[in-house]
Amino acid sequence: HALRARHDAVMVGVGTALADDPDLTVRDMGVVRQPVRVVLDSRLRLPVDSRLGRTAGQAPVWLLHGPEPAGRAAWLAT
């Protein structure tokens, strides 16, 4: 958490996001500003109900992806 607090972003691949369902936030350190959470996900496989999906309104989540599979990016607008 201290390492995350010192950086502007935390990046993981979709494999880690799917296997671990991480928050990627700084907790229990009195930090006000959260780093941007970046997920490399070429096919937009990150589930909307993942921890990252559920908390996207509380701390920024950037999904770096390839061409959008039909309708998969619609949840980003919410």
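- Pairs engaging residues 1-10 under the side-chain hydrogen bond (donor to acceptor under 3.5 Å, both in side chains) rule: none recorded [sequence neighbours left out].
- Under the side chain to side chain contact (heavy atoms under 4.5 Å, CB included) rule, V39 has a single partner from L64, V10, V12, which is V12.
- Looking at residues two or more places apart in sequence or on another chain, you find no side-chain hydrogen bond (donor to acceptor under 3.5 Å, both in side chains) involving T16.
- Taking a 4.5 Å side-chain heavy-atom cut-off between Ile, Leu, Val, Met, Phe, Trp and Tyr, the cluster of L3 contains only that residue.
- W62 and L44 fall into different hydrophobic clusters, where Ile, Leu, Val, Met, Phe, Trp and Tyr are joined by side-chain heavy atoms under 4.5 Å apart, directly or via other members.
- Atoms CG and CG, on L63 and L52 in that order, are 8.0 Å from each other to the nearest 0.5 Å.
- Between T55 and R37 there is a side-chain heavy-atom pair separated by less than 4.5 Å.
- Of all non-hydrogen atoms in V26 and Q34, the two that sit nearest each other are N-OE1, 2.7 Å.
- For the salt bridge (Lys or Arg N to Asp or Glu O under 4.0 Å) test, residues two or more places apart in sequence or in another chain that qualify with R27 are D23.
- Using a distance-only test at 3.5 Å, with no hydrogens or angles considered, a donor-acceptor pair links the side chain of D41 to the main chain of L46.
- Nearest heavy-atom pair across P35 and L24 is CG-O, 4.4 Å.
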